Amino acid sequence: MSSFIEIPEYYEELMSGVPYPMWVEYLKLLWANFDVNPRTVLDVCCGTGKMCRLLAEQGYEMTGVDLSAGMIRAGQGIARREKADINLYAQDATEMRLGKKFDAAFSFFDSLNYIIDPSQCALAIKRTAEHLNSGAAFAFDVNTPYAFEKQMFDQEDLRPKSKVRYRWRGTWDPGAKLCSVAMEFWVGKKTFSEVHVQRAHSLQELVCWMEEAGFERVRCYDAFSLDPPRGRSDRVHVVGVVGHP
């Protein structure tokens with residue numbers, strides 16, 4: 001089964017409890033910590049563009065790309081209804097061709113974990129670097145092996161009054177560093193299932209891929225802080241700045 005096929009229509013309802021405004025403020029904190037003051041910003045693997053819309057409200061010129069055409073269509077529909085001035089494109093992060101460069105880029109909510117081929121993940125980081133001006137920052141987060149080991153993908157909301165009810169169960173393969181998550185959804189009388197697979201990229205790999213792509217001052221942080229990662233960090237943010245040619 002494929003992922004993000006039927007979910008896009010219900011994605012923002014599913015994510016209604018996510019503290020997106022806090023994420024925006026944390027992203028701005030990272031920019032400030034790296035002396036980056038962007039005007040144009042690229043959201044890599046943007047989903048339905050919620051972060052794009054929030055940042056656009058604060059005056060940033062926002063562009064988002066996502067592999068899922070369904071997520072982009074849903075996001076474009078929401079943007080039209082909310083009169084949000086953002087640009088969303090259905091593109092593979094490993095093959096991005098936007099014809100312009102940006103002052104900053106980010107990829108939140110463990111999007112890079114979904115690129116399970118290490119060489120392809122490295123390529124997505126390289127493509128992002130190619131779309132950035134000198135001195136621009138790229139910030140992203142990833143789920144860690146600890147998160148998968150502790151079965152943090154095992155979640156459910158089966159309350160009768162929930163618009164979208166769901167049950168998720170993950171299977172962790174430490175040898176392959178892969179977590180497969182069987183997802184079941186119920187919307188009214190409709191039922192559908194998807195399987196999502198993520199890879200636990202190591203911090204060593206991620207830092208190496210960032211540096212190979214031309215990023216400098218690469219730093220890793222325990223999620224939503226400026227503290228270094230810990231053994232029990234379930235999410236880590238990685239940030240780097242494009243070096244001058």
Side-chain angles (χ1 to χ4, degrees), residues 1-21 23-24 27 41-57 60-98 102 104-117 120-121 123-125 127-128 131 138-143 153 155 157 162-166 168 170 179-188 190-199 235:
M1 288 181 285
S2 300
S3 58
F4 297 105
I5 301 302
E6 297 195 62
I7 283 179
E9 182 180 351
Y10 313 105
Y11 185 77
E12 296 226 351
E13 177 66 31
L14 279 167
M15 300 296 109
S16 60
V18 172
Y20 287 108
W23 289 10
V24 167
L27 177 60
V41 182
L42 173 63
D43 184 350
V44 181
C45 308
C46 65
T48 52
K50 179 69 172 182
M51 290 278 285
C52 285
R53 300 197 306 275
L54 290 175
L55 285 160
E57 289 176 0
Y60 297 95
E61 183 180 317
M62 298 302 305
T63 298
V65 300
D66 197 279
L67 177 63
S68 169
M71 295 287 268
I72 292 298
R73 283 194 298 270
Q76 289 170 335
I78 296 169
R80 284 193 297 271
R81 292 195 296 272
E82 297 184 0
K83 295 181 171 57
D85 186 13
I86 62 176
N87 298 301
L88 302 180
Y89 302 100
Q91 291 196 20
D92 188 327
T94 66
E95 301 174 354
M96 280 192 295
R97 293 290 187 274
L98 295 172
F102 301 84
F106 68 92
S107 185
F108 276 17
F109 220 178
D110 46 82
S111 296
L112 295 192
N113 288 110
Y114 277 94
I115 307 178
I116 62 174
D117 182 330
Q120 291 296 100
C121 191
L123 181 56
I125 292 172
R127 287 285 180 266
T128 300
H131 282 80
F138 179 34
F140 62 88
D141 67 17
V142 290
N143 284 322
F153 261 118
Q155 303 175 24
D157 181 356
S162 296
K163 292 182 180 179
V164 182
R165 292 174 294 136
Y166 62 87
W168 301 347
C179 182
S180 299
V181 185
M183 297 183 171
E184 298 176 279
F185 299 90
W186 296 268
V187 184
K190 179 179 180 179
T191 301
F192 63 94
S193 302
E194 295 193 2
V195 174
H196 291 210
V197 181
Q198 292 196 359
R199 181 178 187 268
R235 184 179 301 272

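Because the structure is predicted, anything quoted here is derived from the model rather than measured.
- Atom CD of Glu9 is separated from atom CG of Leu14 by 11.0 Å, given to the nearest 0.5 angstrom.
- Closest approach of Pro8 and Thr48 over heavy atoms only: O-CG2, 4.4 Å.
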>> Quick one, Leu67 with Glu95, criterion side chain to side chain contact (heavy atoms under 4.5 Å, CB included). Give me CA distance, side-chain angles, the key distance, then yes/no.
In response: CA-CA 10 Å; Leu67 177 63; Glu95 301 174 354; over 6 Å; no
> Run the side chain to side chain contact (heavy atoms under 4.5 Å, CB included) check on Arg235 and Val142 step by step: do they pass?
Replying inline: CA-CA 6 Å; Arg235 184 179 301 272; Val142 290; over 6 Å; no
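- Annotation: the span from Gln120 atom CD to Ile115 atom CD1 amounts to 8.0 Å, rounded to 0.5 Å.
- The only option from Lys50, Arg73, Arg53 that meets the side chain to side chain contact (heavy atoms under 4.5 Å, CB included) definition with Ile78 turns out to be Arg53.
- The side-chain heavy atoms of Tyr11 and Phe4, taken from C-beta on, include a pair separated by under 4.5 Å.
- For the atom pair Met15 CE and Phe109 CZ, the distance stands at 5.0 Å (nearest 0.5 Å).
- Under the 30°/60° scheme for interplanar angles, the aromatic rings of Tyr166 and Phe185 are found to be tilted.
- Defined by atom type and a distance below 3.5 Å, a donor-acceptor pair is missing between the side-chain atoms of Ser193 and Glu184.
- What you find for His131 and Leu98 is that their closest heavy atoms are NE2-N, 3.2 Å.
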> Run the salt bridge (charged side-chain N to carboxylate O under 4.0 Å, His left out) check on Arg165 and Asp157 step by step: do they pass?
Replying inline: CA-CA 5 Å; Arg165 292 174 294 136; Asp157 181 356; over 6 Å; no
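- Taking OG1 of Thr63 as the start and OH of Tyr89 as the end, the distance is 6.0 Å to the nearest 0.5 Å.
- In plain terms, the two heavy atoms of Met51 and Leu27 that are nearest each other are CE-CD2, 4.5 Å.
- Using a 4.5 Å heavy-atom threshold, the side chains of Gln76 and Asn87 count as separate.
- The CD1 atom of Ile125 sits 9.5 Å away from atom OG of Ser107, with the distance rounded to the nearest 0.5 Å.
- No donor-acceptor pair closer than 3.5 Å links the side chain of Asp66 to the backbone N or O of Ala90.
- Rounding to the nearest 0.5 Å places CZ of Arg199 at 9.0 Å from CD1 of Ile116.
- Within the 4.5 Å cutoff, side-chain heavy atoms of Thr128 are placed close to those of Met96.
- Here the side chains of Tyr10 and Lys190 are in contact, with some heavy-atom distance below 4.5 Å.
- When side chains are defined from C-beta on, Trp23 does not count as touching Leu54, because their heavy atoms never get closer than 4.5 Å.
- Contact annotation: the side chain of Phe106 never approaches that of Val24 to less than 4.5 Å [non-hydrogen atoms, C-beta and beyond].
- Between Phe138 and Phe140, the ring planes are tilted. Angles from 30° to 60° get that label.
- At most 12 heavy atoms of other shown residues, nucleotides or ligands fall within 6.0 angstrom of atom CG in Asp85.
- Of all heavy-atom pairs between Asp110 and Asp141, the closest is N-OD1, 2.6 Å.
- At a threshold of 4.5 Å between non-hydrogen side-chain atoms, the residues Cys46 and Leu88 count as touching.
- Pairing each heavy atom of Trp168 with each of Val181, the nearest pair is CB-CG1, 4.0 Å.
- Looking at Glu194, its side chain does come within 3.5 Å of a backbone N or O of Ile5 through a donor-acceptor pair.
- Two residues are said to be in side-chain contact when any heavy atoms from C-beta on lie closer than 4.5 Å; Asn143 and Phe153 meet this criterion.
- The minimum heavy-atom distance between Ser180 and Val197, with the atom names listed, is OG-CG2, 3.8 Å.
- For Arg127 (side chain) and Thr94 (main-chain N/O), a donor-acceptor pair under 3.5 Å exists by modelled atom type.
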